[in-house]
Amino acid sequence: SAKVLAVDAAMKASGIRIDELMQASGGPPVIGGTAALDMTAQSRGASARALAEALSGKLSTKLSGGGQGQLPISELDLTLDLPGVSKQATLQATAVYNGEKVTVSGTVKDPKSALSGNRFPATVSLTSAPVTAGFEGTVQQAPLPGLDGKVDLDIASVGRLAAWLGQPLTQPDPGPVKVTATLAADGPRIALKQATIDGKALKASAEASIDTTATPRRFDAKVVVREADLDAYLPPADGAAGAQKPAPGQQAPPQSGWSTEPIDLAVLRDNTGKVDVTLNAVRYRGLSVEKGRMTASLSGGTLTTALSDIRTAGGSIAGKASLSDTGQGVKLAYDASASGLAARPLLTAFAGTDRLAGTASFAAKGTGAGRSQKDLMASLDGGGSFEFLDGAIYGVNIAALLRKVGAAGLSDAAGQEQKTDFAELSGSYVIRDGIVENKDLKMLAPLLRLGGGGTVDLPKQTVDYTVDATLVASLKGQ
């Protein structure tokens, strides 16, 4: 009429080949199948603004077949109902993903606020056999995207979920995991108020926040790990190590040396804050960490990390390191120590070797600065010491080898255990301009004394070292 504008629209389509449509638009065929579409829209109003505010409609689409594209989605049935921009909009969808039925539902209680870029109430839920998830609260769009409400995640089986997502695990199934979190969004401030992870192999809680009103941005996080068997979530160590080895007959790639590219850590000046992690009953590669604390703080372009009273392998580890953006490159400093550690399980877990055993202690301290990796290595200065007591070197019997040489190869060394016991293996070193020098390597073992000295040139990645081994007529050192 002359005073009211009316819009009534309807559209139906069928037989749409989704994969062909995507290829025609220049994109890859993400999903396949044949789609059908049914859409209606109505509105009444005296102006364009009134028409927009009075808009209502419904969209239904179905996908038959499918499963041939990059995403294994088929039998999609989706309905979006918008009774009006001031009334609750609803979404209902079902589909089959990789053989499992998935149901998704959602509501937007105030579509007008959502379309205007304002905060709006919403709910969403996902239900399937491998996983269920849901959110209920409000959605913030500006100045930062954020959620204000409760999030739930329930994984019936981590192994089944990984296989369903096309990433099957190579280790036994870690079992179920539940995650609950309360989120808060207040303009430029986003917070994770309460979060808990409760699984068969992992139990932890966390709190975190970020504030963009400050310059630089400020963040804070606290994590408490009550129990964590990381082995349950990691692939077998043998498989991981094997993947790094060259194929038979294939040579390992040559070392390319330290990079000369400038190190850019300017991002460190854009943020400030701290992260505090408390550890209890953590297991990694068969090694147990009974307790400990890790912290990281960022301020003024300097990242400082610290390990406090890490109790593992029968001993303790402590240390501190800092990395700074100086504007002319980076500056590094570190100071670490350990005592009373059972060396074999520690080296097995972190270095992939079980050839050295004993009660280990060490100390290391140093500094460096430079614009690139190469500059940093060439500037390193510091020193340290190490000591292994009442241990053994597995895979070689040094005394037996020396006796065999002395007997012109006529000894029975081949039948003896391939292990060298020792009472002490120790030494110290200094680092000057990236060159590590050791002069006092010492090993005391039954019938054997071993000493050595030399240098390791870190910038050039070369080693110049001499080891002297002597047979003695004494069982001291056993």
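Bear in mind that the values here come from a model prediction, so they are computed numbers and not experimental data.
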- Task: Please lay out, stage by stage, how Leu144 and Thr212 fare under the test side chain to side chain contact (heavy atoms under 4.5 Å, CB included).
- Result: CA-CA 9 Å; Leu144 281 179; Thr212 62; 3.4 Å; yes
- Task: Check step by step if side chain to side chain donor-acceptor pair (under 3.5 Å) holds for Ser428 and Asp440.
- Result: CA-CA 7 Å; Ser428 62; Asp440 59 355; 2.8 Å; yes
- Message: Working note: Leu444 + Lys442, criterion side chain to side chain contact (heavy atoms under 4.5 Å, CB included); need CA distance, chi angles, decisive distance, verdict.
- Response: CA-CA 7 Å; Leu444 304 179; Lys442 176 178 65 175; 4.2 Å; yes
- Message: Let's go through Ser426 and Glu424 carefully: what are the C-alpha distance in whole Å and the side-chain angles of both, what is the deciding distance for side chain to side chain donor-acceptor pair (under 3.5 Å) to 0.1 Å, and is it a yes or a no?
- Response: CA-CA 6 Å; Ser426 62; Glu424 179 183 345; 2.8 Å; yes
- Message: Between Ser324 and Thr302, does the side chain to side chain donor-acceptor pair (under 3.5 Å) criterion hold? Intermediate values first, please.
- Response: CA-CA 4 Å; Ser324 303; Thr302 297; 2.8 Å; yes
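With respect to Arg160 and Asp173, no salt bridge is recorded, no charged nitrogen being found less than 4.0 Å from a carboxylate O. A salt bridge links Asp148 with Arg119: the distance from a Lys NZ or Arg NE/NH1/NH2 to an Asp or Glu carboxylate oxygen falls below 4.0 Å. Ion pair Arg432/Asp381 not flagged as a salt bridge, since none of the NZ, NE, NH1 or NH2 atoms sits closer than 4.0 Å to an Asp/Glu carboxylate oxygen. The pair Arg218-Asp220 does not count as a salt bridge, with every side-chain nitrogen at least 4.0 angstrom from each carboxylate oxygen. Contact check on Arg293 versus Asp276 returns a salt bridge, with a Lys/Arg side-chain nitrogen under 4.0 Å from an Asp/Glu carboxylate oxygen. A salt bridge links Asp354 with Arg344: the distance from a Lys NZ or Arg NE/NH1/NH2 to an Asp or Glu carboxylate oxygen falls below 4.0 Å. Of the charged side-chain nitrogens involved, none lies within less than 4.0 Å of a carboxylate oxygen, so that Lys193 and Glu207 do not count as a salt-bridged pair. Electrostatic pairing of Lys203 and Asp198 counts as a salt bridge here, judged by a charged N lying under 4.0 Å from a carboxylate O.
Counting non-hydrogen atoms of neighbouring residues, nucleotides and ligands closer than 6.0 angstrom, the CD atom of Gln194 reaches no more than 12 such neighbours. Other residues, nucleotides and ligands contribute only 12 or fewer heavy atoms inside 6.0 Å of the CD atom of Glu136. Within 6.0 Å of CZ on Arg226 lie more than 12 heavy atoms contributed by other residues, nucleotides or ligands.
Leu332 CG to Leu376 CG: the interatomic distance, rounded to the nearest 0.5 Å, is 5.5 Å.
The two residues Ala313 and Leu287 have their closest heavy-atom pair at CB-CD1, 3.9 Å. Minimum heavy-atom separation, Val282 to Leu230: CG1-CD1, 4.2 Å. Of all the heavy atoms in Gly452 and Tyr465, the pair that sits closest is C-OH, 3.5 Å. What you find for Ala129 and Ala156 is that their closest heavy atoms are O-CB, 3.9 Å. Among all heavy-atom pairs drawn from Ile393 and Leu356, the shortest one is CG1-CD1, 4.0 Å. In terms of heavy atoms, Gly292 sits closest to Ile310 at CA-CD1, 3.7 Å.
Close placement of the Tyr284 and Phe350 rings is indicated, their centers lying within 6.0 Å of each other.
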